[in-house]
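A quick write-up on the structure given underneath.
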Amino acid sequence: MAEEKRLNKKTLLDFYYKILLIRRFEQKVYEYVIDGTVKGSVHLCIGEEASAVGTVSAAEKNDYLLPTHRGHGQALAKGTDPSKLMAEIIGKEGGLCKGRVGSMHFFDKDNNVLGAQGILGAQFPISIGVGLSIKLLAQKAVALCYFGDGTSNQGTLFEALNFADIWGLPILFVCINNQYGMGTPYGSTCNLSVSDKAKVFNIRSVIIDGNDVIKVFEAAKELIRLCRIKKRPALIECLTYRHMGHSGFDNRPYRPKDEVREWKKKDPLASILERIRENGIEEDDVKAIGQKVEEIIKKASDFADGSPYPVFDKSMLE
Amino acid sequence: MAAHIRYLIKVCWNRKVSILREITYAQALRESIAQMMRDNKKTILIGEDVGKGYRGCFGVSTGLYEEFGASQVIDTPIAENTVLGTGIGAALMGFKVIVEIMFADFIGVCFDGVLNQIAKINFMSAGQYRLDLVLRMPGGSGQGTGPHHSQCLESIFMNIPGLKVVLPSNAYEAKGLLNYSLNCPDPVIFLEHKRLYKTSMDVPEEAYSIPFGKARIVREGKDLTLVAVSYMVRLAIEAAQILSREHGIEVEIIDPRTLSPLDSETIIESLKKTNRLVTLEEGIKRGGVGAEISARIADEAIEYLDSPIRRIASKNMVNPMSPLLEEAMLPGIDDIVDEIKSLIDR
């Protein structure tokens, strides 16, 4: 494909690095869940990494990110420090938010990550304030507002699409369509595709293979350019699949086995590796990335393990 | 009233403020917003019909759009969730934000923004973000506005950690408390009252602030302490005059000004003198402001009480529209006089 030729070796390896980092990070978090280190709930994005990596990689460092409750991958792709995120997830003092809030509620101001949402759909109204501020401050930035297929049924999406349209706001709405809202398949909750919901407002929207990081990247790049230059909102719907349960623990009885098998064949990590090999990139480069990721994960878990739990102090009283 | 004028003169003298004009509560609020908008161009007002059209449902923002334009006075579609969300997002981006919800009752539509977002972001982000946001809304009944346009919801906000809850009871208080709110880097719930908007009094032209957590002694008295909030302060004053004139009972009236934080010290100091406590609010009695104040006093100062605490509030019922029903629900002057008299006569 012509598009792919434009992607050089460095970009492909960067995609591989980010997808692998998120995969290994989430696997480590899962270990922590199983051994009881993580006390609260966590929502893992294994299987969905390419959607986060492709969209965030198409954005700039100064752009803003509103992650979902399943947001580790989105933040890691944006540049969030894996050690601080890991410490946050297990509730340690060294975490992004001093370990106070964990997986679903972290903020990372250094990377313009404006708070993950435990309240599904609350990110839409907030994204409007971010988009409006970008406009009032005459910034060149774009806000990336993430949500799932299930959350697209919240009324706040329609409010936000309307506000973004009438005010002309640079917001890319990114739907990570992993097919299920908890245990309920999207098709049984709405007859419109998520992408069609934006079309109601004449907002440009596309549906893309969310497991193909290159396709996601190319599509997101074009839409982000539209947001940035034309000051218009846009929507990208990434079709993907979550390999794990809703919050890491459930056994997914709601999923047909054939469906799982088919999606696992389209695993984003395997796909990017295949692309890399097709492009004749040396195995040594691939291995070096693997090693680097293992070191980062080791460092992150050592840091998180070694950090103390925060203790109550009176300044927390409101 | 004499105590109030003395107090005003004292404040003006201390601050070397000389220009007093009689303006309304709505004008006082507008003056505070306009002064902040002039000083800080990153101050924005967001709400339904605050700008070009209606200029604020109760006239608070009249003239602001003309002076500051669409970059500071932002009209929105009717969608409270996103009205408040816009404010939250802008505050995250460093703006000083004033959000107007047209009637306090409508907060139900966007309650997530209050409960899960503005109240929590300072704590959740461990100080990475501080929401410089004032959420204004009017409560208040007694004008036949019925179940969806009448409620006083202060007790609900008081129960949420992370919010300052402010209730100005007259025009002077409105300007001073809004100024302080606008200079407070934390989220503030600013509860106005519909029946106060058109009331007027002398207010300094210059900017001045009234800090949170410092109650105001509205009227001095030796026989009983009456803690009243918002519009009820006016009723308290009328009732106190009747009690003094007709029964020789001298009531000390305290306006707490803010419920979070609550100045229980001033209430306790008053109780040391009067040994009797009555609370007065327009919100629902069950789980109300009076319930919290009573519990605090029972915890901290029960030894100063010579009689039971009485709570005067709205009956535990839905706000009706029809006049006789509404009158039955709300606390009236007679209720206050009777309750206080029966407590003194015990």
Side-chain angles (χ1 to χ4, degrees), chain A residues 64 66 88 93 95-102 104-110 112-139 141 143 145 154-164 166-167 169 171 310 315-318, chain B residues 41-44 46 69-72 74-97 99 109-131 133 158-165 186-187 260-261:
Chain A
Y64 297 90
L66 292 126
E88 186 60 41
E93 182 74 38
L96 289 166
C97 303
K98 299 185 182 166
R100 291 176 176 188
V101 292
M104 263 194 293
H105 319 92
F106 62 86
F107 289 71
D108 179 15
K109 193 173 186 182
D110 291 344
N112 283 353
V113 177
L114 297 163
Q117 269 302 341
I119 305 296
L120 303 192
Q123 64 270 48
F124 299 126
I126 296 174
S127 76
I128 297 303
V130 178
L132 178 68
S133 300
I134 291 170
K135 198 170 164 176
L136 291 175
L137 297 169
Q139 290 183 356
C145 179
Q154 289 277 18
T156 47
L157 173 62
F158 293 86
E159 291 187 17
L161 289 169
N162 181 41
F163 275 63
I166 54 162
W167 287 350
L169 303 181
I171 303 170
S315 73
M316 292 176 183
L317 293 176
E318 294 280 1
Chain B
K41 291 288 167 199
K42 282 180 82 176
T43 307
I44 57 177
I46 305 167
S71 62
Q72 280 182 277
I74 296 154
D75 271 323
T76 69
I78 296 173
E80 283 82 6
N81 253 312
T82 303
V83 172
L84 180 52
T86 301
I88 297 165
L92 284 170
M93 296 285 284
F95 280 85
K96 188 182 281 296
V97 178
V99 174
V109 180
C110 56
F111 203 59
D112 176 65
V114 179
L115 179 69
N116 287 313
Q117 313 297 333
I118 65 172
K120 292 179 177 165
I121 286 174
N122 288 3
F123 177 84
M124 281 170 63
S125 72
Q128 293 177 74
Y129 292 95
R130 287 188 83 167
L131 287 199
L133 186 146
M158 200 173 58
N159 193 241
I160 302 173
L163 300 175
K164 305 278 189 280
V165 182
D186 296 325
S260 306

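The chains referred to below are lettered A, B, ... by the order of the sequence lines, with proteins before strands, and numbering in each begins at 1. Because the structure is a prediction, the values reported are computed rather than measured. Excluded from the calculations below are hydrogen atoms, water molecules and symmetry mates; all remaining heavy atoms, backbone and side chain alike, are included.
Across all non-hydrogen atoms, the minimal contact from F107(A) to C97(A) is N-SG, 3.3 Å. Looking at every heavy atom in both residues, A91(B) comes nearest to L131(B) through CB-CD2, 3.7 Å. Annotation for Y129(B) and V113(A): closest pair OH-O, 4.0 Å, computed over non-hydrogen atoms. The two residues I128(A) and A160(A) come nearest to each other via the heavy atoms CD1-O, 3.3 Å. Scanning both residues, L96(A) and Q128(B), for their nearest heavy atoms gives O-NE2, 3.2 Å.
Contacts of Y64(A) with chain B are made by side-chain atoms alone, with heavy-atom separations under 4.5 Å and no backbone atom involved. Contact of N81(B) with chain A is made through backbone and side chain together, with heavy-atom distances under 4.5 Å. Heavy-atom distances place no part of I160(B) under 4.5 Å from chain A, backbone and side chain included. Only the side chain of Q139(A) comes within less than 4.5 Å of a heavy atom in chain B; its backbone stays farther off. For chain B, no part of L317(A) is nearby; none of its heavy atoms comes within less than 4.5 Å. In this structure, chain A has heavy atoms under 4.5 Å from both the backbone and the side chain of F123(B). Contacts of L114(A) with chain B are made by both backbone and side-chain atoms, with heavy-atom separations under 4.5 Å. In this structure, no portion of K120(B) lies under 4.5 Å from any heavy atom of chain A.
Ranked by heavy-atom pairs under 4.5 Å with chain B, the list M316(A), H105(A), E318(A) is led by E318(A). Chosen from A126(B), G127(B), G113(B), the residue pairing most often with chain A at heavy-atom distances under 4.5 Å is A126(B). Chain A forms more heavy-atom pairs under 4.5 Å with one residue of G94(B), P161(B), A90(B), S71(B) than with any other, namely A90(B). Residue with the most contacts toward chain A among P261(B), G87(B), G89(B): G89(B) (heavy-atom pairs, distance under 4.5 Å). Note on D110(A), D108(A), N112(A): by heavy-atom pairs under 4.5 Å with chain B, the leading option is D108(A). Among T76(B), I44(B), I46(B), L84(B), the residue with the largest count of heavy-atom pairs under 4.5 Å with chain A is T76(B).
Taking the salt bridge (Lys or Arg N to Asp or Glu O under 4.0 Å) definition, one finds that K164(B) meets it with nothing, sequence neighbours left out. Scored by the side chain to side chain contact (heavy atoms under 4.5 Å, CB included) test, Q117(A) finds I119(A), A122(A), Q123(A), I126(A), Q117(B) as partners (sequence neighbours excluded).
Residues I121(B) and I88(B) have side chains in contact (heavy-atom distance under 4.5 Å, counting atoms from C-beta outward).
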Q: Evaluate the criterion side chain to side chain contact (heavy atoms under 4.5 Å, CB included) for residue pair I74(B) and L136(A); output intermediate values, then yes/no.
A: CA-CA 11 Å; I74(B) 296 154; L136(A) 291 175; 4.2 Å; yes
